[in-house]
Protein chains: 2
Amino acid sequence: MGFAPLDPLLHNQLRLAIMSLLVGLESADFNLLLEKTGATRGNLSVQISKLKEAGYISVVKGYKDNYPNTECAITYHGIRAFETYVASLKPYLGIG
Amino acid sequence: MGFAPLDPLLHNQLRLAIMSLLVGLESADFNLLLEKTGATRGNLSVQISKLKEAGYISVVKGYKDNYPNTECAITYHGIRAFETYVASLKPYLGIG
DNA sequence: ATAAACATGTTTATGTCATAAACAATATGA
DNA sequence: TCATATTGTTTATGACATAAACATGTTTAT
């Protein structure tokens with residue numbers, strides 16, 4: 001029942017929300033994440049970059065209806081990290 | 001299933017560990033928290049101060065075996081905040 | 001008795017990070 | 001063509017987490 005270290009990348013409200021959404025979706029574009037998380041565009045852009053940098057999500061830039069479109073999806077590595085984070089966090093919360 | 005804001009004071013590994021320990025104990029002194037959390041003294045001191053400042057814990061300074069001793073206990077307000085935090089976090093984790 | 005080592009915390013300094021504001025590029029509509 | 005909207009990126013800054021340095025007193029060794 002010790003306290004395991006928490007992945008700093010996931011221990012952040014916005015990044016965690018992004019990951020939480022992506023584990024339940026095939027993929028999500030920038031605007032969907034924007035709407036679901038309530039973040040600002042700037043912040044969302046930065047945090048997507050960090051998650052991509054870590055290999056937790058894949059990011060594909062394309063176009064949709066003539067406009068730029070950024071499509072995000074969680075990777076296998078990201079799923080593993082998310083699950084590990086959740087498991088590590090539980091003892092802190094008195095769960096499990 | 002929206003993402004509620006997370007209490008920034010509790011969304012920190014060390015402060016959360018402190019609170020997690022205190023909800024399960026009558027009280028704990030500085031050294032016990034030090035040992036159980038694995039934190040440095042400086043960091044522990046700072047985070048205890050912040051939790052006290054917020055009224056989440058009470059801090060009583062006394063002496064034990066001739067040495068300074070800092071005894072911490074969670075307050076009712078702290079318990080409420082912790083429970084709220086846990087409840088708010090669950091949707092992020094896909095729990096409940 | 002004095003110095004060295006130990007015990008318990010606090011304060012300060014600094015590098016990192018989260019965030020919003022400013023910017024860029026393109027598209028659409030009047 | 002000018003203004004406005006859409007989609008995102010870059011930058012600037014203020015807050016924060018952390019460790020190092022410091023302060024105060026105690027015990028032990030000599």
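Just so it is clear, the model here is predicted, and its values are computed rather than measured. The chains referred to below are lettered A, B, ... by the order of the sequence lines, with proteins before strands, and numbering in each begins at 1.
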From the options [options], select the nucleotide whose nearest atom is closest to the side chain of [X].
X: B/Arg41; options: C/dT19, C/dT28, C/dT10; answer: C/dT10
X: A/Asn43; options: D/dA17, C/dA20, C/dC17; answer: C/dA20
X: B/Thr40; options: C/dG9, D/dA19, C/dA27; answer: D/dA19
X: A/Phe30; options: D/dT9, D/dA17, C/dG9; answer: D/dT9
X: B/Tyr67; options: C/dG9, C/dT8, C/dA20; answer: C/dT8
X: A/Asn66; options: C/dT10, C/dT8, C/dA27; answer: C/dA27
X: B/Val46; options: D/dA19, D/dG8, C/dT19; answer: D/dA19

Taking OP1 and OP2 of [N], is either one under 4.0 Å from a side-chain nitrogen or oxygen of [X]?
X: B/Lys61; N: C/dT10; value: yes
X: A/Asn12; N: C/dC17; value: no
X: B/Arg15; N: D/dC16; value: no
X: B/Lys50; N: D/dA17; value: yes

> B/Tyr85 versus B/Leu6: any side-chain heavy-atom pair under 4.5 Å?
Replying inline: yes
Whole angstrom value for the distance that separates [atom2] of [N] from [atom1] of [X]:
X: A/His11; N: D/dC16; atom1: NE2; atom2: P; result: 14 Å
X: B/Leu34; N: C/dA7; atom1: CG; atom2: C1'; result: 11 Å
X: B/Leu44; N: D/dA17; atom1: CG; atom2: P; result: 14 Å
X: B/Leu9; N: D/dC16; atom1: CG; atom2: P; result: 9 Å
X: A/Glu53; N: C/dC17; atom1: CD; atom2: C1'; result: 15 Å
X: A/Asn69; N: C/dA25; atom1: CG; atom2: P; result: 20 Å
X: A/Tyr63; N: C/dA25; atom1: OH; atom2: P; result: 12 Å
X: B/Leu51; N: D/dA17; atom1: CG; atom2: C1'; result: 14 Å

> Under 4.0 angstrom, heavy atoms only, what part of the nucleic acid is A/Ser45 near: base, sugar-phosphate, or nothing?
Replying inline: base
> Reckon A/Gln47 touches a base, only the sugar-phosphate, or nothing at all at heavy-atom distances under 4.0 Å?
Replying inline: base
> For the side-chain contact (heavy atoms from CB on, under 4.5 Å) test, which of B/Gln13, B/Lys36, B/Gln47 pairs with B/Ile18?
Replying inline: B/Gln47
>> Hydrogens and angles aside, do B/Asn31 and B/Tyr67 bring a side-chain donor and acceptor to less than 3.5 Å of each other?
In response: no
> Can you get from B/Val59 to B/Tyr56 by hopping between Ile, Leu, Val, Met, Phe, Trp and Tyr side chains that sit under 4.5 Å apart?
Replying inline: yes
>> Reading DNA chain C from 5' onward, which residue's closest nucleotide shows up sooner: B/Gly62 or A/Asp65?
In response: B/Gly62
>> Under 3.5 Å for both donor-acceptor distances, Watson-Crick or wobble: does C/dA24 have a partner, and if so which one?
In response: D/dT7
>> So, taking the atom named CD1 in A/Ile57 and the one named CD1 in A/Ile79, what distance separates them when rounded to the nearest 0.5 Å?
In response: 12.5 Å
> How many angstroms lie between atom CD of B/Glu71 and atom CG of B/Leu32, to the nearest 0.5 angstrom?
Replying inline: 8.5 Å
